Number of protein chains: 2
Amino acid sequence: MIQPRPRTIPEATVARLAVYLRVLTALADGGRSTVSSGELAAAAGVNPAGLRKDLSHLGPCGVRGVGYEVRTLSDRISRVLGVGRSRACVLVGIGNLGSALADYGGFGSRGFEFVGLFDASPARIGQRIGGHTVRSVEELEDVVAATQASIGVITTPAEVAQSVCDRLAAAGVKSILNFAPVTLAVPAGVDVRKVDLSVELQVLAFLGQQRLGRAGQLEPVEEPA
Amino acid sequence: MIQPRPRTIPEATVARLAVYLRVLTALADGGRSTVSSGELAAAAGVNPAGLRKDLSHLGPCGVRGVGYEVRTLSDRISRVLGVGRSRACVLVGIGNLGSALADYGGFGSRGFEFVGLFDASPARIGQRIGGHTVRSVEELEDVVAATQASIGVITTPAEVAQSVCDRLAAAGVKSILNFAPVTLAVPAGVDVRKVDLSVELQVLAFLGQQRLGRAGQLEPVEEPA
DNA sequence: GCAACTTTGTTCCTGCGTTCACAAGCGGCT
DNA sequence: AGCCGCTTGTGAACGCAGGAACAAAGTTGC
């Protein structure tokens, strides 16, 4: 028997499922037992129809006329996303940002566990952050091999990010989250996801100034009819 | 004389323009004077045709048969994005992540200047980070009004993010970058951009396990029949 | 001066994501 | 038991981003 449902869930949907899961957890803590798509969508900041379509990728999991049972839906999403499955992560580059991530509690509750913090600076090595000890980046390959880490996070300066990325990929890491402001080249079979904080600010600023122009506060730069 | 070009540049294009700008800056530092779309696209990790389409939103700025002049293109993108224009930003929530952002040098070179760091904890108030002193969140409205800050960054715990957001919006901040894991509600005319680190990891992990499933290495965790 | 090569700018097209709208199904009320 | 209202799940249309192919334009060599 084959599954009639296509196994591919759009990436945008996956991102929203994670958001829904967080909202559902908050609702469960609040004692709610059921919730409608409209209410859930409002809390997540999306369109109700889009939410239902996202959830349809999991198969029918609601009751018509009533809504979704919070517990059931929460479990279903957790299972699909693989929450609870422990995932070993390594983090390279223990600067300000790296320290913040290592110390952030939001990962552990989702099954992400840092099994190695690495830095090249002798001043950093040996420090304890978030319950782990910073190790020399020389040990990177050994730790990845020993722990079978599948996720690597790069928070190094841009200059060394590519070489760190190469070493992670060579050591067997299949998924890389990159905070360094460079575009990484990786071999096939390795996923890279980039988070660029200054680009986010830049886009935000551009939208702001574009909105000012549209608002006609100062000379309306509209094309006249 | 009106500009015949439509003023709306797609958001995705704006984000890529910021990336191109970074690559161009690196090229200029390396002494390059011209660059082709193919080379620039490779360095930015995008399709050459897409890059040319992005650049076409700025009007013709290349020379056929030669390529783009690095200096000219760099200036053009900078002007469109508003780089160089100084933008006052306030940062609320000086935890690990907030400290990292306040101390990150990548913002100042793009014209983003933090004019206020705020926290509610007395233990944090008075600390100096990145050349600024952490102030009480009580002073938030006064500082925003005095500095005409247009951008606010929220790195507080989730529980207080909405109230901070409300205060920022009421004080006149028009663009908000939110790192707290909640969906913020804002009045019309205010832009919010959300960066959710744990969602990024979640998506990465899901793509990884999905890739494993497709590879047929082991049977994917099917719902039993 | 002319031809050939290189590279841009544009156009078409395909696919995806989002939104709207409606049929199907379930609980509650009479 | 039967009807009504509410909510889900799905099908269709719309708009948008991404990719490939092509024409225009400029340079280089002869």
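Just so it is clear, the model here is predicted, and its values are computed rather than measured.
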Partner set under side chain to side chain donor-acceptor pair (under 3.5 Å) for [X], not counting sequence neighbours:
{"X": "Tyr20(A)", "result": "Asp54(A)"}
{"X": "Glu113(B)", "result": "none"}
{"X": "Thr72(B)", "result": "Glu69(B)"}
{"X": "Asn178(A)", "result": "none"}

For this session: Could you check which residues of residues 20-43 of chain B get a heavy atom under 4.0 Å from DNA chain D? Sort them by number, please.
Result: none
Problem set entry | Contact list for residues 76-90 of chain B, test side-chain hydrogen bond (donor to acceptor under 3.5 Å, both in side chains), sequence neighbours left out |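 Listed once each, the pairs are Gln209(A)-Arg87(B).
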For this session: Enumerate the residue pairs fulfilling side-chain hydrogen bond (donor to acceptor under 3.5 Å, both in side chains) with a member in residues 149-163 of chain B, sequence neighbours excluded, ordered by first and then second residue.
Result: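 For residues 149-163 of chain B, and leaving out neighbouring residues, the side-chain hydrogen bond (donor to acceptor under 3.5 Å, both in side chains) pairs sorted by first residue read Gln162(B)-Asp166(B).
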Exercise. Judged by atom type as modelled, is there a donor-acceptor pair below 3.5 Å linking the side chain of Arg32(A) to the main-chain atoms of Thr34(A)?
Worked result: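 Judged by distance alone, yes, a pair lies under 3.5 Å.
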Problem set entry | Close approaches to DNA chain C from residues 183-194 of chain A, in residue order (heavy atom, under 4.0 Å) |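 Those residues: none at all.
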Could you list the protein-to-nucleotides 2-4 of chain C atom pairs, N/O on both sides, closer than 3.5 Å?
none

Dump the pairs, protein N or O against N or O of nucleotides 15-19 of chain D, anything under 3.5 Å, distances to one decimal.
unit_1	atom_1	unit_2	atom_2	d
dG18(D)	OP1	Arg16(B)	NH1	3.1
dG18(D)	OP2	Arg16(B)	NH1	3.2
dG18(D)	OP2	Arg16(B)	NH2	2.9
dG19(D)	O6	Lys53(B)	NZ	2.4

Could you tabulate the donor-acceptor pairs under 3.5 Å formed by side-chain atoms of residues 21-28 of chain A, not counting sequence neighbours?
unit_1	atom_1	unit_2	atom_2	d
Arg22(A)	NE	Pro181(B)	O	3.2
Arg22(A)	NH2	Asp196(B)	OD1	3.1
Arg22(A)	NH2	Asp196(B)	OD2	2.2
Thr25(A)	OG1	Leu21(A)	O	2.8

Exercise. Expressed in angstrom and rounded to an integer, what is the separation of His57(A) atom NE2 from dC16(C) atom P?
Worked result: 11 Å
Seminar exercise, completed: Protein heavy-atom contacts under 4.0 Å, written 5' to 3' over nucleotides 22-30 of chain C as B (base), S (sugar-phosphate only) or - (none), form the string --BBBS---
Problem set entry | Below 4.0 Å: OP1/OP2 of dT6(C) and any side-chain N or O of Tyr68(B) |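 It does not, given that no N or O in the side chain of Tyr68(B) lies less than 4.0 Å from OP1 or OP2 of dT6(C).
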Problem set entry | Glu11(A)/Arg193(A) ion pair, N-O < 4.0 Å | yes
